[in-house]
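Here is the naming used below: chain letters follow the sequence lines, and residue numbers restart at 1 for every chain.
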2 protein chains.
Amino acid sequence: MAKHDPDLSLLFHALADPTRRSILTRLAETPARVTDLAGPTGLRLPTVMRHLSVLEQAGLITTSKDGRIRTCAIVPQALDPVRTWLDEQRAIWDARLDRLDAFVMNVMKESKE
Amino acid sequence: MAKHDPDLSLLFHALADPTRRSILTRLAETPARVTDLAGPTGLRLPTVMRHLSVLEQAGLITTSKDGRIRTCAIVPQALDPVRTWLDEQRAIWDARLDRLDAFVMNVMKESKE
DNA sequence: ATCATGCTTAGCCATATCGCTAACTATTCA
DNA sequence: TGAATAGTTAGCGATATGGCTAAGCATGAT
């Protein structure tokens, strides 16, 4: 069985949370402070901090601190591995579509029990 | 903040595990029985079963039982929402790239402390 | 009828996740 | 200097995750 990129696990896991996806969407608009990000979520600061740290460890955002203010911004190319994996899978999956179609037909026939 | 598709959470979460991605890759080759999938992973059957159930709930695979044998197959279009989300994000992220570039320059300057 | 095969269920254990509060540090403003 | 602001750290509790074993239940072969 194929070896699989650990980075992909981090990325997918980071993207699996709705709050984190909101944060990303918000950051796509413009960089923002931690407090700015906490506001719309209705979550407490430490909670948001943790989400940010997950996003940062996955490489999806960068943060930098100026005085007491930490500013967060997306890292656009961070989604590239995900896109690549998706493209690879689509290529393989589509290549087998004919075989799969036959199988699905079989399944549908069988599941009429 | 935008509302986010719960299906995406299921999909991303299902994809976040290397074992599950291996299973998907294996299934892309050809449909397989549960035992066939368990073999290469080195995991026990109940463990594999759980992974399969996660994949099935995310809509990534279908399974059907013929006699005592359960056969699993990928659902090719299941990745579509992921791809759509990725495309949307890229559109937004790229649209802000100019602004972001300016910000990143700023960050790099600041982080030279 | 019996036995092996293939899957399924129940349940245990260790760890991770996601939310919180409380308390702390560090900056900025008055 | 003192107080407000922005973030951080520590740690709690409930739940989810990912692995396992043991035992159960069908089905297929002898």
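The backbone N or O of A32(A) sits nowhere less than 3.5 Å from a side-chain atom of T71(A) that would complete a donor-acceptor pair. Under a 3.5 Å cut-off, the side chain of S22(A) and the backbone N or O of P18(A) do form a donor-acceptor pair.
Note on ring orientation: taking the six-membered ring where Trp is involved, the planes of F12(A) and W85(A) are perpendicular (angle over 60°, cut-offs 30° and 60°).
Here the options are I61(A), T19(A), I23(A), the test is side-chain contact (heavy atoms from CB on, under 4.5 Å), and the partner is L37(A); only I23(A) passes.
Once you apply a 4.0 Å limit to the heavy atoms of chain B, the touched nucleotides of DNA chain D run 5' to 3' over dT17(D) to dG28(D).
A heavy-atom distance below 4.5 Å is found between the side chains of L60(B) and L24(B).
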- Verdict with supporting geometry, D36(B) and R70(B), salt bridge (charged side-chain N to carboxylate O under 4.0 Å, His left out): CA-CA 10 Å; D36(B) 295 335; R70(B) 178 172 297 281; over 6 Å; no
Tabulate atom names and distances for all N/O pairs under 3.5 angstrom spanning the protein and nucleotides 24-30 of chain C.
unit_1	atom_1	unit_2	atom_2	d
dT27(C)	O2	R68(A)	NH1	3.0

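When the C1' atom of dT17(C) is taken as reference, atom CG of D17(A) falls 9 Å away, rounded to whole Å. In this structure, CZ of R44(B) is placed 16 Å from C1' of dT8(C), rounded to the nearest angstrom. As rounded to whole Å, 9 Å separates atom C1' of dT8(C) from atom CZ of R70(B).
In the region residues 46-55 of chain B, proximity to DNA chain D at under 4.0 angstrom, judged on heavy atoms, holds for P46(B), T47(B), R50(B), H51(B).
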